[in-house]
Amino acid sequence: MLDNIKSLQAEVEKFSTTSLQELDEFRIRMLGKKGAVTLLFGDFKLVPPEQKKDLGQAINVLKNTIQDKIKTLLSELKHKDEGPSGLDLSAPGEPVLLGSRHPVSLIRNQIIDIFKRLGFNVSKGPEIEDDWHVFSALNFPPEHPARDMQDTFFIEQDPDILLRTHTSSVQVRVMENEKPPIRTISPGRVFRNEAISARSHCIFHQVEGLYIDRNVSFADLKQTLLFFAKEMYGQDTKIRLRPSYFPFTEPSAEMDVSCTLCNGKGCNVCKYTGWLEILGCGMVDPNVLESVGIDSQEFTGFAFGMGIERIGLLKYGIKDIRLLFENDMRFLEQFQNAL
Ligand code: DAH
């Protein structure tokens, strides 16, 4: 019986066909009601108990080999007509998803592009900063309440190491390393210990701007920002500057643009004022210039800072900042054709 199994095993291994009909005949010959394997199982009943284990195993191996063989041959025969590499050339294609830039990157690139045209270069600084670059050099005295304007994530204390709360820290680094004239913008990520809501997040992005030279005036600041607002939101955009306070600028202002949705007529986005606040700015405080070794008698400058998310929310009419960080494809896909 074992010889019989062995010769069947060899026959199966040799077997090959290109015809479905032959394959079916093979199946019946082996596994059919009167097939070789079925007969073996019949004979197996008569085998003395001590041989049952070995023979039983051998028959099962044979049966599995046959089944595998039939499966392989069947799939080869099925795919034979489907083109050179076994692909079904008539099957519908699988869609290739097109990637798109994240809206925060889109807006950051637009901002960089606008200021580059005015001769600003791009500078970068670290996200983990020390107290000097984030606060002290920017004229925040120790214990001064102005530090509470920005809730800070501290990493270490004495000396303080922290996550930067604004990209104004980069202007300090640039002024420490370069001599005027300086004309730079610094895009980057910032961190604030704030509750996450539709309007604010604890991680977001800012672009800082800095221009230091002889005779830089508030008029230069205003004209630069007007150019930016028109390029970003359209040529009909108007701006207004409201007096404000920042430790590192004097005088300081906040800038509004005419509402991008209602063009200043009044709607629920601008709370019926016709205006939207988009950035803070001012003339660099002489104390800041002196703290980085720039002669404030000889040089003056302006600075400004804006949140990239906020600029984007207003540009694209997005109502909730959290959408920018959820990575929901249904949201992100809508920016495929955006500039
Ligand atoms: N750093 C300020 C903030 O995060 C924004 C800012 C305001 C930057 C006025 C400036 C500026 O350079 O002049 O709220």
Side-chain angles (χ1 to χ4, degrees), residues 108 111 115 118 120 122-127 129 131-140 144-153 162-176 180 182-194 199-213 216-226 228-229 239-257 276-289 291-292 294 296 299-311 321:
R108 183 201 52 211
I111 297 172
F115 283 104
L118 292 175
F120 284 75
V122 175
S123 48
K124 284 187 178 160
E127 293 176 350
E129 266 293 11
D131 176 274
W132 169 256
H133 292 95
V134 176
F135 294 124
S136 299
L138 288 166
N139 201 31
F140 288 83
H144 192 277
R147 291 185 178 225
D148 294 342
M149 288 164 79
Q150 302 175 359
D151 290 321
T152 310
F153 285 116
L162 41 100
L163 294 176
R164 67 180 178 196
T165 52
H166 55 183
T167 42
S168 304
S169 54
V170 186
Q171 56 160 285
V172 177
R173 289 190 175 272
V174 173
M175 287 189 286
E176 282 172 337
I182 293 170
R183 224 183 295 172
T184 191
I185 54 168
S186 324
R189 200 154 55 149
V190 299
F191 308 83
R192 291 199 192 169
N193 193 356
E194 268 177 34
R199 310 196 74 222
S200 63
H201 214 284
C202 56
I203 303 178
F204 57 102
H205 300 77
Q206 285 188 333
V207 173
E208 180 79 10
L210 178 72
Y211 180 23
I212 311 272
D213 204 347
V216 177
S217 72
F218 202 92
D220 296 323
L221 169 63
K222 194 172 165 188
Q223 216 46 41
T224 304
L225 294 179
L226 176 62
F228 166 71
I239 63 165
R240 76 175 182 188
L241 291 161
R242 284 177 291 101
S244 184
Y245 170 75
F246 300 102
F248 34 92
T249 42
E250 182 60 35
S252 305
E254 277 169 325
M255 186 175 98
D256 299 341
V257 288
L276 297 164
E277 183 199 319
I278 63 160
L279 55 80
C281 60
M283 300 306 292
V284 178
D285 192 301
N287 285 344
V288 174
L289 295 175
S291 75
V292 290
I294 293 178
S296 62
F299 293 102
T300 52
F302 66 69
F304 55 86
M306 64 186 96
I308 299 183
E309 283 81 1
R310 178 153 177 83
I311 301 283
I321 194 172

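Keep in mind that what you see is a predicted model, and the values were worked out from it rather than measured. For ligands, and for the atoms within them, numbers begin at 1 and follow the listed sequence.
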Within a radius of less than 6.0 Å around CZ of R199, do more than 12 heavy atoms belonging to other residues, nucleotides or ligands occur?
no

Drop me the distance from T224's OG1 to F302's CZ, to the nearest 0.5 angstrom.
3.5 Å

Option set H166, R164, E208, criterion heavy-atom distance to atom 12 (O) of ligand 1, minimum
E208

Relative to the heavy atoms of [X], which atoms of ligand 1 are at a distance of less than 4.0 Å?
X: T249; result: 13 (O)
X: G305; result: 6 (C), 8 (C), 10 (C), 12 (O)
X: G280; result: 7 (C), 9 (C), 11 (C)
X: S168; result: 1 (N), 8 (C)
X: G282; result: 13 (O)

Non-hydrogen side-chain atoms of F204 and R310 separated by less than 4.5 Å
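Counting from C-beta outward, F204 and R310 never come under 4.5 Å.
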
Report yes if some heavy atom in the side chain of F228 is under 4.5 Å from a heavy atom in the side chain of I111; otherwise report no.
yes

May I ask whether [X] places a heavy atom under 4.0 Å from ligand 1?
X: F302; result: no
X: Q171; result: yes
X: R192; result: yes

Please state whether the rings of H166 and F135 are parallel, tilted or perpendicular, taking 30° and 60° as the class boundaries.
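It falls in the tilted class, 30° to 60°.
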
Under 3.5 Å, is there a donor-acceptor pair between the S186 and S123 side chains?
yes

Regarding ligand 1, does A303 bring an N or O atom to under 3.5 Å of one of the ligand's N or O atoms?
yes

With the threshold set at 4.0 Å, does a side-chain nitrogen-carboxylate oxygen contact exist between R173 and E129?
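Looking at E129 together with R173, the answer is yes, because their closest N to O distance falls below 4.0 Å.
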
Nearest protein heavy atom with distance in Å, relative to atom 2 (C) of ligand 1:
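Nearest protein contact, heavy atoms only, for atom 2 (C) of ligand 1 is F248 CZ, 3.9 Å.
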
Answer with yes or no after comparing the ring centroid distance for F304 and F115 against a 6.0 Å cut-off, counting only values under it.
yes

Q206 contact mode with ligand 1 (heavy-atom cut-off under 4.0 Å):
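Contact part for Q206 vs ligand 1: side chain (C-beta onward).
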
